[in-house]
Protein chains: 2
Amino acid sequence: MFLEQEDRHLSAEELYMLVKHQNPEIGLATVYRTLDILAEIGVLIKNDFGDGRTRYEFSRKDEHHHHHHLICLGCGNVSEFDDDLLESLEAVITKRNQFKVMDHDLKFYGYCRKCEEAR
Amino acid sequence: MFLEQEDRHLSAEELYMLVKHQNPEIGLATVYRTLDILAEIGVLIKNDFGDGRTRYEFSRKDEHHHHHHLICLGCGNVSEFDDDLLESLEAVITKRNQFKVMDHDLKFYGYCRKCEEAR
DNA sequence: CTTGCTGCAAAACCTTTGCAAACCT
DNA sequence: AGGTTTGCAAAGGTTTTGCAGCAAG
């Protein structure tokens, strides 16, 4: 399976449709199974943007700590955003809440330029 | 319906079980319908902690901006965490990414004291 | 020949919906 | 009566699983 085609945040169904063009007899289950494996070995990252389906993106190993997402409430498009400041926050939390932070997930919901103009 | 009983992050199913004790003939659909209404009028907040079900918590109007969550990877327990610093980040994002931020959602995954000790 | 991958269909899971019965006022 | 709310069962949407068949070593 070669899903090098896209660099975005696609759902299993969307990937299925794409892959089906190259390989019409593939099954949706195989896509899910492959995606699961790729996520497990760290090639992909699973994301939940609240639209009821899991979305996958490539994990870039040059990122020491992953980026965050800007989710447009108008068109649903997802863009990315880098920021370091949560790292220091984790230390504060660990001390203050007796909670050993392993990972974090930050999402911003709002409107992209196009959708904001259209409002 | 009186779900004053709990102050945590419960799922519809869990609330259903609780309410059923007082009122055994209630249906799960009614719980969902009521929860939807309460969320719509702002009494409850819907949360998605990645365990496949929506979890509800009371919205406290004394919070100008809502808190964030610490989710234990061991026992699944959810605790809360307050921090102001995302407010200023929103301004940066708006300028830098041409993205009008309406809301944000920050979650930390890790281990609570008990689970961390048990590891 | 044995092991692992595949596709298909069915199941699982959470949530929503249709509808008739029950409940107000 | 008229309108609303209910419970039940069925449907919905996404993801997982069982299993027989195919492929590969």
Side-chain angles (χ1 to χ4, degrees), chain A residues 1-6 8-59 69 71-78 103 105 107 109, chain B residues 1-6 8-59 69 71-73 75-78 105 107 109:
Chain A
M1 228 167 114
F2 31 82
L3 3 122
E4 328 301 357
Q5 23 204 324
E6 291 290 325
R8 296 227 175 283
H9 306 86
L10 298 173
S11 68
E13 184 84 30
E14 287 165 346
L15 283 160
Y16 174 53
M17 291 312 182
L18 278 173
V19 177
K20 211 164 184 178
H21 281 164
Q22 326 264 161
N23 197 338
E25 70 279 2
I26 199 175
L28 178 56
T30 304
V31 175
Y32 274 108
R33 279 187 284 236
T34 309
L35 257 21
D36 267 4
I37 293 167
L38 293 177
E40 215 159 290
I41 64 178
V43 174
L44 294 180
I45 294 172
K46 286 184 169 188
N47 276 118
D48 178 359
F49 298 132
D51 64 347
R53 66 199 69 188
T54 302
R55 294 184 170 280
Y56 301 82
E57 68 179 315
F58 280 101
S59 145
H69 291 106
I71 301 149
C72 179
L73 298 168
C75 59
N77 192 53
V78 177
D103 196 10
D105 174 20
K107 290 177 286 212
Y109 296 93
Chain B
M1 228 166 115
F2 31 81
L3 5 122
E4 328 301 356
Q5 23 205 325
E6 292 290 324
R8 297 229 174 281
H9 306 86
L10 298 173
S11 68
E13 185 85 29
E14 288 165 344
L15 283 161
Y16 174 52
M17 290 313 182
L18 279 173
V19 177
K20 212 164 184 180
H21 280 164
Q22 328 262 164
N23 199 337
E25 71 278 3
I26 199 175
L28 179 55
T30 305
V31 175
Y32 274 108
R33 279 187 284 237
T34 309
L35 256 21
D36 267 3
I37 292 168
L38 293 177
E40 214 160 289
I41 64 179
V43 174
L44 295 180
I45 294 173
K46 287 184 169 189
N47 276 118
D48 179 358
F49 298 130
D51 65 347
R53 64 201 68 190
T54 302
R55 294 185 170 279
Y56 301 82
E57 68 179 315
F58 280 100
S59 146
H69 291 107
I71 300 149
C72 180
L73 298 168
C75 59
N77 192 54
V78 177
D105 175 19
K107 288 177 287 213
Y109 295 92

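What you are looking at is a predicted structure, and each value in this text was computed from that prediction instead of being measured. Residue numbering restarts at 1 for every chain, and letters A, B, ... go by the order of the sequence lines.
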*Across the strands shown, which category fits E13(A) at heavy-atom distances under 4.0 angstrom: base, sugar-phosphate, nothing?*
nothing
*Rounded to the nearest angstrom, tell me the gap between atom CG in D36(B) and atom C1' in dT16(C).*
9 Å
*In terms of side-chain heavy atoms of A29(B), which of dC8(D), dT17(D), dT6(C) is nearest?*
dC8(D)
*Write down the distance between CG (D48(A)) and P (dG13(D)), rounded to a whole number of angstrom.*
18 Å
_From CD of E25(A) over to P of dG21(D), roughly how many Å is that when rounded to an integer?_
19 Å
*In whole Å, what is the span from the CG atom of N23(A) to the P atom of dC5(C)?*
17 Å
*Just how far, in rounded Å, is P of dT6(D) from CG of L35(B)?*
13 Å
*Quick one: is T54(A) getting a side-chain N or O under 4.0 Å of the dT15(D) phosphate, OP1 or OP2?*
yes
*Look only at the side chain of E14(A) and the backbone of S11(A), and say whether a donor-acceptor pair between them is shorter than 3.5 Å.*
yes
*For Y32(A) and dT16(D), is the shortest distance between a side-chain N/O and OP1 or OP2 below 4.0 Å?*
no
*Expressed in angstrom and rounded to an integer, what is the separation of L28(B) atom CG from dC14(C) atom P?*
10 Å
*Can you tell me if K107(A) uses its side chain to pair, donor with acceptor, with the backbone of D48(A) under 3.5 Å?*
yes
*Centroid-to-centroid, Y56(A) to H9(A), below 6.0 Å?*
no
_Length of the CZ-P vector between R33(A) and dG4(C), whole Å_ = 15 Å
*List the atom of E13(A), the atom of L28(A), and the distance in Å for their closest heavy-atom pair.*
OE1-CD2, 4.0 Å
*Atom-pair distance (CG on D51(A); C1' on dT15(D)), nearest Å*: 14 Å
*Between dG7(C), dT17(C), dT15(C), which nucleotide has the shortest distance from any of its atoms to the side chain of A12(B)?*
dT15(C)
